[in-house]
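The structure appears right after this line, and notes come after that.
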Amino acid sequence: MTPLDLLDYASVLIFALTGALVASRAQLDIVGFAFLACLTALGGGTLRDLLLGREILWIADPAYLAVACGAATLVFFTAHLLESRYRALLWLDAAALSVAVAAGAGIALRDGAGAPVVLVMGVMTGCMGGLMRDVVANEVPLLLKQGEPYATCALGGAGALLAAHGSGMEPGPAALIGAILTFVLRGGTIAFGWHLPVYKSRPPRQ
């Protein structure tokens with residue numbers, strides 16, 4: 001198993017935990033937990049594999065489904081122990097975003113994709129699962145919250161991966177650099193309130 005495969009498994013596990021935490025906030029049953037966990041964990045990777053013409057990760061290896069369902073079961077029995085499930089969700093989501101961006105961009109790079117495709121695959125793998133989770137759970141998606149540099153953090157991490165690879169690193173180590181930068185950027189938005197400027201409407205000119 002390559003480092004990129006390990007990153008893919010890690011992103012599935014952590015994103016599944018976030019999906020299950022959202023299910024706990026919605027007070028769903030254990031099947032609902034498993035559904036949201038699998039949707040969140042596998043949504044971005046499935047889209048990536050479809051667009052890259054690869055065999056879909058959870059079809060090629062059903063262990064991904066087992067990991068996601070196991071994470072859902074764990075959260076179903078332990079979520080009540082958390083003091084703030086939303087705070088835990090934010091930090092887990094930041095970790096999942098970081099790993100998924102690195103895995104998505106790294107796999108695209110390993111498969112010979114060009115730089116623009118690598119960037120898009122990194123952002124898509126990192127963002128789409130969480131977007132699906134929040135839409136299905138009827139929550140405002142973290143991706144679309146006003147001023148939240150969510151996709152920007154993903155893009156920065158994917159760009160760092162490309163830069164590291166351009167300096168001579170193999171895709172695996174370069175992916176680690178991308179994951180670290182993504183987490184630093186996203187963690188800064190959570191811990192310090194970093195925001196992007198937002199559009200403000202103005203009255204039309206006379």
Side-chain angles (χ1 to χ4, degrees), residues 1-26 28-52 54-82 85-86 88-108 110-111 121-137 139 141-143 154 157-158 161 171-172 175-176 178-180 182-183 186:
M1 186 176 292
T2 68
L4 289 175
D5 293 327
L6 290 173
L7 283 174
D8 229 10
Y9 269 107
S11 71
V12 166
L13 172 63
I14 305 171
F15 258 136
L17 293 172
T18 72
L21 278 175
V22 170
S24 75
R25 285 163 50 81
L28 302 183
D29 60 26
I30 194 165
V31 176
F33 271 65
F35 174 78
L36 266 187
C38 290
L39 179 69
T40 310
L42 303 170
T46 297
L47 285 175
R48 174 201 67 203
D49 291 344
L50 284 171
L51 291 175
L52 291 177
R54 305 174 75 246
E55 189 174 8
I56 296 172
L57 71 165
W58 54 271
I59 295 177
D61 184 1
Y64 285 104
L65 286 171
V67 168
C69 290
T73 304
L74 175 66
V75 174
F76 184 81
F77 289 106
T78 60
H80 66 282
L81 301 176
L82 294 172
R85 277 176 278 173
Y86 186 69
L89 171 63
L90 287 177
W91 282 105
L92 274 175
D93 189 84
L97 176 70
S98 307
V99 179
V101 166
I107 287 172
R110 185 182 65 187
D111 287 359
M121 290 301 120
V123 174
M124 179 182 294
T125 308
C127 296
M128 291 308 294
L131 178 62
M132 294 176 189
R133 173 198 67 207
D134 295 338
V135 168
V136 169
E139 295 197 1
L142 291 175
L143 176 65
L161 182 152
L176 181 60
I180 291 171
T182 305
F183 187 77
R186 181 61 187 151

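Only this structure's heavy atoms are used, side chains among them; waters, hydrogens and symmetry mates stay out. Predicted model only: the values in this text are computed from it and were never measured.
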Minimum-distance pair of heavy atoms, taken over all atoms of [X] and [Y]:
{"X": "G126", "Y": "L97", "result": "O-CD1, 3.4 Å"}
{"X": "A41", "Y": "A68", "result": "CB-CB, 4.2 Å"}
{"X": "L4", "Y": "G106", "result": "CD1-O, 3.5 Å"}
{"X": "A102", "Y": "L7", "result": "CB-CD1, 4.1 Å"}
{"X": "L82", "Y": "A88", "result": "CD1-CB, 4.0 Å"}
{"X": "M128", "Y": "G44", "result": "CB-CA, 4.0 Å"}

Heavy-atom side-chain proximity of D8 to R48 below 4.5 angstrom: yes
side-chain contact (heavy atoms from CB on, under 4.5 Å) assessment of R186 paired with L142: CA-CA 11 Å; R186 181 61 187 151; L142 291 175; 4.3 Å; yes
D134: salt bridge (Lys or Arg N to Asp or Glu O under 4.0 Å) partners, not counting sequence neighbours: none
Residues forming a salt bridge (Lys or Arg N to Asp or Glu O under 4.0 Å) with D61, sequence neighbours excluded: none
Rounded to the nearest 0.5 Å, how far does [atom2] of [Y] lie from [atom1] of [X]?
{"X": "D49", "Y": "W58", "atom1": "CG", "atom2": "CH2", "value": "11.0 Å"}
{"X": "L92", "Y": "F15", "atom1": "CG", "atom2": "CZ", "value": "10.5 Å"}
{"X": "L42", "Y": "L65", "atom1": "CG", "atom2": "CG", "value": "5.5 Å"}
{"X": "R54", "Y": "I107", "atom1": "CZ", "atom2": "CD1", "value": "5.0 Å"}

Stepwise side-chain contact (heavy atoms from CB on, under 4.5 Å) test for M121 and L51: CA-CA 9 Å; M121 290 301 120; L51 291 175; 3.9 Å; yes
Whether R110 side chain and P171 backbone form a donor-acceptor pair below 3.5 Å: no
Check: A100 main-chain N/O paired with S11 side-chain donor or acceptor under 3.5 Å: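 The answer is no, because no donor-acceptor pair under 3.5 Å joins these two groups.
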Parallel, tilted or perpendicular: rings of F76 and F33 (30°, 60°):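 Perpendicular.
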side-chain contact (heavy atoms from CB on, under 4.5 Å) between V136 and F35, worked out: CA-CA 10 Å; V136 169; F35 174 78; 4.1 Å; yes
Residues D93, R133: salt bridge by 4.0 Å N-O rule: yes
Pair T40-V22, side-chain contact (heavy atoms from CB on, under 4.5 Å): steps then yes or no: CA-CA 10 Å; T40 310; V22 170; over 6 Å; no
